[in-house]
Amino acid sequence: MRPYQRQIAERIAEIVDPGDLDLSSLFSVPPDSTLGDLAFPCFQLARTLKEAPPRIAERIAEAAWEFPWLAEVVAAGPYVNFLYDSGAFSRDVLARVIAAGEAFGTSDVGEGKTVVVEFSSPNIAKHLAVHHLRSTMLGQVMVNLLRASGYSVVALNHLGDWGTNFGKLLAAWERYGEEEGLEDSLIETSDDPVALFNKLYVRINSEIETDPQLEETARAWFRKLEAGDPVARERWQRIRDVSWARFEKVYKRLGVSFDEVIGESFYEDKMPEIIDELAKTGLLVESEGAEVVALEEEIPPLLIRKRDGSTLYGTRDLASAEYRWGRWQFSRALYVVDAGQGLHFRQVFGVLRRLGRSYADRLEHTEFGIMRMNVDGQWIKGRTRKGQIVLLEDVLDDATALAREVVLRKNPDLGDSIEEIAEAVGVGAVVFSDMKARRGRDVNFDLEKFLSFEGETGPYLQYTHVRFCGILRKSEIDSSDHGDGSLLVEAEEKALLLCLDRFDTVIARAALEAEPSILSQYLLDLAGEFNAYYAKHRIISDDGDLTRHRLSLIDALRVVLSRGLRILCLEPLERM
RNA sequence: GGCCCUGUAGCUCAGUGGAUAGAGCACUAGCCUCCGGAGCUAGGUGUCGUACGUUCGAAUCGUACCAGGGUCACCA
């Protein structure tokens, strides 16, 4: 809690006896800034004190308040409103921001704790598509938020590199690889080897429909892969390598990186152990020829082994949870996976709970809404098979091209840096539009909206940052000569300082709730407040003292916006 | 049908049980002698899906219902 609020809560506790009521959780913000900066509603106290709220409010307001930073304490009906002294408040907030510098907003609540965040997790032999954007960016931003809160974080990519479909791919490779241009020696040097794999996959799927025999060939190839057959293994490894190389290019553009890339294949030899345990404890039961673990009444059992004895991805998720716990002893483990898998995770977590795993309650499915594609005017859930897949790279390219056009029009003399700026603005627009709404909401993939640069958008935030930089540059006053803020008494300045004051709690809440939009909304708020202020007041004026104090505010705003943008994987620019 | 999620302005969405529910987009009218107009200001709309309940107080919590979406065993 912020210092002012804590001190006020303590003082109230001296004036009236709160019993076991936690006063600090009761504060709110007055609906109108002219009423005050902090409000204390007396309803809860009325219950314990058996006294009317307005009377309590009066008693509190009339008591002695001797904090130098407090200008006014007034009772307003059942509320007590506190008005900070503008000069003192400004000085205190700015001093905290300047002292912390780029570290402002960070905390140590997570110190000594580890959080594992599984996100992105694309399938190899395919391209990253727009629908991967959500898991990828939400996950990376959660990682950034948690790190800002002092947690040690493991950013984990649970690569989809295993399954019977690779049997199909290997069968296709053997059958018509050469004829499709997949000459062995050329794979690594090909422009787009992943596209070749895609073609093979599509082709064998359509051929399987007319020739069911081929299905058996594919299964045979997968068995070879499982058994460690050198040819199968080598080809699979190459598919994995070229796919990863391709992913990394996109990840780099998005500011995404991983500490660990552990594919599903990794858990192949780790499943028997947990299956044995399930069998020994009697949880594993036979059902319709398959082996399952029953769960509570309202959710269906988790399928552990198919009729043919092979495992499923649920089995792999059990093994991966065991592995992660053993290796990291996490205090939280997040699965950044779409909401369509809600049942699956409830089943997996449920099985671990039935096994008595202490860590089961630390697993969180931080789900997000699906991305819908517009097909003939209808918003539908994207399907890879129908070929309407939109490549993530293409979206980023479109965004960058459009950004380049706009930047060039608005600011033609940026020289060589135009390419970098266009990339930052374009990608920023796409990323931010995905971070803006609560993660649980479904999003319609509307390219026009993704590429919008006006209103509540990424470029708007970047533009605001550019303004900060422009002012600081133009003033030619060194930051060591900035004022302490005690001259900042305008209402708009108070609003901005209250905004700055909130930053650390915003980060903390966003990390706790694994909800990037809390930060996005906050930054929009900050930028909006600033732009209104900027239109109304001059920062650099003839009044040298006032100028120096206002520059101090601008510098603090720049620090916070820059840090917030970085956490959201947007680049804070100096010019655009 | 069971379970999960979502219903707030024409559209997209904010809204930690507290005072008169807010932004952006779209539409209209303004604002560059002056820190970057990707901006700002002013215009107006709401049975907060419906009903009942809990509470001093409900968009927020509970129950039921309505509507939309997701999901329900041998894919991941």
Side-chain angles (χ1 to χ4, degrees), chain A residues 25-32 35 39 41 43-44 46-47 52-53 76-79 81 121 123 160 162-165 264 287-292 296-308 310-314 316-317 337-344 346-347 367 369-370 372 379 381 403 406-407 409-411 425 429 433 436-438 440-444 446 449 452-457 459-464 466-467 469-475 505 509 513 517-518 520-521 524-525 527-528 530-541 547 550 554 575-576:
Chain A
S25 63
L26 299 177
F27 288 99
S28 65
V29 178
D32 187 322
L35 290 171
F43 304 102
Q44 304 267 349
R47 195 185 307 258
Y79 295 89
N81 290 326
S121 310
N123 292 326
W162 206 247
T164 46
N165 49 330
E264 295 179 58
S287 167
E288 297 174 33
E291 290 170 274
V292 307
E296 299 94 276
E297 196 79 13
E298 66 273 11
I299 46 176
L302 178 68
L303 198 55
I304 301 293
R305 241 197 306 241
K306 296 193 265 190
R307 223 185 311 248
D308 67 7
S310 58
T311 57
L312 291 106
Y313 87 125
R316 253 180 312 270
D317 276 344
V337 180
D338 76 85
Q341 309 226 24
L343 175 61
H344 171 255
R346 285 215 291 161
Q347 290 174 310
E367 60 182 15
I370 56 162
R372 290 205 187 77
W379 290 106
K381 192 179 170 181
V406 177
V407 173
R409 188 168 67 237
K410 308 234 178 195
N411 199 346
V425 173
S433 65
K436 207 175 84 170
R438 269 174 16 264
R441 301 202 90 94
D442 290 348
V443 295
N444 292 337
D446 184 343
K449 217 161 242 182
S452 160
F453 295 172
E454 280 164 24
E456 298 176 325
T457 64
Y460 171 70
L461 295 179
Q462 285 168 319
Y463 177 70
T464 303
V466 165
R467 277 185 151 175
C469 294
I471 294 165
L472 293 168
R473 201 165 45 233
K474 171 120 187 185
S475 79
T505 60
R509 194 158 73 90
E513 293 178 26
S517 70
I518 292 173
S520 313
Q521 294 292 336
L524 287 171
D525 204 35
F530 166 74
N531 283 310
Y533 170 59
Y534 178 82
K536 195 168 166 188
H537 301 283
R538 289 198 58 81
I539 313 299
I540 302 171
S541 67
T547 299
R550 288 188 168 167
I554 302 304
R575 295 172 210 268
M576 66 189 271

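Reminder, nothing fancy here: chain letters follow the sequence lines and each chain counts from 1. These values consider heavy atoms only, across backbone and side chains, with no hydrogens, waters or symmetry-generated copies.
- Taking atom C1' in both B/G44 and B/A23, the straight-line distance is 15 Å, to the nearest Å.
- Here A/A532 lies in heavy-atom contact (under 4.0 Å) with sugar-phosphate atoms only.
- Residue A/Y460 places at least one side-chain N or O under 4.0 Å from the OP1 or OP2 atom of B/C40.
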Trace of the side chain to side chain contact (heavy atoms under 4.5 Å, CB included) decision for A/Y460 with A/L524
CA-CA 8 Å; A/Y460 171 70; A/L524 287 171; 4.1 Å; yes
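- A search for side-chain contact (heavy atoms from CB on, under 4.5 Å) contacts involving A/R473 returns A/C469, A/E574, A/R575, not counting sequence neighbours.
- Nearest-nucleotide positions on RNA chain B place A/V29 closer to the 5' end than the other of A/A403 and A/V29.
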Look for any protein N or O under 3.5 Å of an N or O in nucleotides 26-33 of chain B and output each such pair with its distance, or none.
none

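- Checking B/G36, B/C35, B/C4 against every side-chain atom of A/I539, the shortest atom distance belongs to B/C35.
- With rounding to whole Å, A/L461 atom CG is found 13 Å from B/G24 atom P.
- As judged by a 4.0 angstrom heavy-atom cut-off over every strand, A/Q341 is placed among the base-contacting residues.
- The gap from the C1' atom of B/U8 to that of B/C13 amounts to 9 Å, rounded to the nearest Å.
- A distance of about 11 Å separates the P atoms of B/A59 and B/U50, rounded to the whole Å.
- Between the CD atom of A/E298 and the C1' atom of B/C72 there is a distance of 13 Å, given to the nearest Å.
- Here A/R473 lies out of heavy-atom contact (under 4.0 Å) with every strand.
- Remark: P of B/G37 and CZ of A/R409 are 16 Å apart, rounded to the nearest angstrom.
- The same atom, P, is picked in B/G37 and in B/G22; the two are 29 Å apart, to the nearest Å.
- Residue A/R467 is classed as a sugar-phosphate contact, given heavy-atom separations below 4.0 Å to backbone atoms only.
- For A/F453, there are no ring-ring contact (aromatic ring centres under 6.0 Å, His included) partners two or more places apart in sequence or in a different chain.
- With sequence neighbours excluded, the residues that form a side-chain contact (heavy atoms from CB on, under 4.5 Å) with A/S433 are A/F450.
- In this structure, A/I554 and A/F530 have side chains that are in contact, with non-hydrogen atoms separated by less than 4.5 Å.
- Contacts of A/A46 with the nucleic acid, taken as non-hydrogen atoms under 4.0 Å apart, are absent.
- With a 3.5 Å limit on both pairing distances and Watson-Crick or G-U wobble geometry required, the stems of 3 or more pairs in RNA chain B span B:1-7 with B:66-72, B:10-13 with B:22-25, B:27-31 with B:39-43, B:49-53 with B:61-65.
- For A/P30, counting side-chain heavy atoms from C-beta on, the closest listed nucleotide (B/C72, B/A19, B/A73) is B/A19.
- Rounded to a whole angstrom, the distance from the C1' atom of B/G49 to that of B/A67 is 7 Å.
- Nucleotides B/C40 and B/C4, compared at atom P, are 42 Å apart to the nearest Å.
- B/G68 and B/C52: their C1' atoms are spaced 23 Å apart (whole Å).
- Contacts of A/Q341 classified as side-chain hydrogen bond (donor to acceptor under 3.5 Å, both in side chains), with partners at least two apart in sequence or in another chain: A/Y313.
- In this structure, the side-chain hydrogen bond (donor to acceptor under 3.5 Å, both in side chains) partners of A/E513, at least two apart in sequence or on a different chain, are A/R509.
- Within the nucleic acid shown, A/I471 comes within 4.0 Å of sugar-phosphate atoms alone, with no base atom in reach, counting heavy atoms only.
- Nucleic acid contact for A/R346: sugar-phosphate only, since backbone atoms but no base atoms lie under 4.0 Å from a heavy atom of the residue.
- For A/T547, the side-chain contact (heavy atoms from CB on, under 4.5 Å) test picks out A/I477, A/I540, A/S541, A/L551, with sequence neighbours left out.
- Considering only the side chain of A/A535, B/C40 comes nearest among B/G36, B/C40, B/A73.
- Note on A/F453: a base of the nucleic acid sits closer than 4.0 angstrom, heavy atoms only.
- Rounded to a whole Å, the CG atom of A/N531 is 13 Å from the C1' atom of B/C35.
- Across A/G342 and A/E367, no two heavy atoms sit closer than the pair CA-OE1, 4.4 Å.
- Stacking is not found between A/Y534 and the pyrimidine-like six-membered ring of the B/C40 base under the 5.5 Å centre-distance and 30° plane-angle cut-offs.
- With sequence neighbours left out, A/Y533 forms a ring-ring contact (aromatic ring centres under 6.0 Å, His included) with A/H537.
- Among the heavy atoms of the strands, none lies under 4.0 Å from A/D317.
- Between the side chain of A/N411 and the backbone N or O of A/M576 there is at least one donor-acceptor pair closer than 3.5 Å.
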Whether each nucleotide of nucleotides 5-13 of chain B has a protein heavy atom under 4.0 Å at its base (B), only at its sugar-phosphate (S) or at neither (-) is summarised, 5' to 3', as -SS----SS
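- Of the listed nucleotides (B/C40, B/C74, B/A38), B/C74 has the atom at the smallest distance from the side chain of A/K306.
- Here A/E288 lies in heavy-atom contact (under 4.0 Å) with a base.
- Put simply, NZ on A/K536 is 15 Å from P on B/C40, counting in whole angstrom units.
- Closest to the A/R372 side chain, of the nucleotides B/A19, B/G37, B/G69, is B/G69.
- The glycosidic torsion of B/C52 lies more than 90° away from 0, which places this base in the anti conformation.
- Atom CZ in A/R538 sits roughly 5 Å away from atom C1' in B/C34 (whole-Å rounding).
- Whole-Å rounding puts the A/Q347 CD to B/C74 C1' distance at 13 Å.
- Taking A/P53 as the reference, A/C42, A/F43, A/A46, A/P78 meet the side-chain contact (heavy atoms from CB on, under 4.5 Å) condition, with sequence neighbours excluded.
- Stacking of A/F43 onto the six-membered ring of B/G57 is not present when judged by under 5.5 angstrom between centres and under 30° between planes.
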Check residues 298-307 of chain A and write down every donor-acceptor pair under 3.5 Å in which the side-chain atom is one partner and the other belongs to a residue at least two apart or another chain.
{"from": "A/R305", "atom 1": "NE", "to": "A/E291", "atom 2": "OE1", "distance (Å)": "2.9"}
{"from": "A/R307", "atom 1": "NH1", "to": "A/E288", "atom 2": "O", "distance (Å)": "3.2"}

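- As a whole-Å value, the separation of A/R305 CZ from B/C75 P is 15 Å.
- Rounded to whole Å, the P atom of B/A64 lies 11 Å from the corresponding atom of B/G2.
- Closest contact between the side chain of A/Q44 and the listed nucleotides B/G36, B/C56, B/G39 involves B/C56.
- Between the side chain of A/S287 and the base of B/A73 there is at least one donor-acceptor pair of N/O atoms closer than 3.5 Å.
- Note on A/G340: only backbone sugar-phosphate atoms sit closer than 4.0 angstrom, heavy atoms only; bases stay farther off.
- Regarding contacts with the backbone of B/A38, a side-chain N or O of A/Y463 is found under 4.0 angstrom from either OP1 or OP2.
- Projected onto RNA chain B by closest heavy-atom contact, A/D32 and A/P459 fall at different nucleotides, the more 5' of which corresponds to A/D32.
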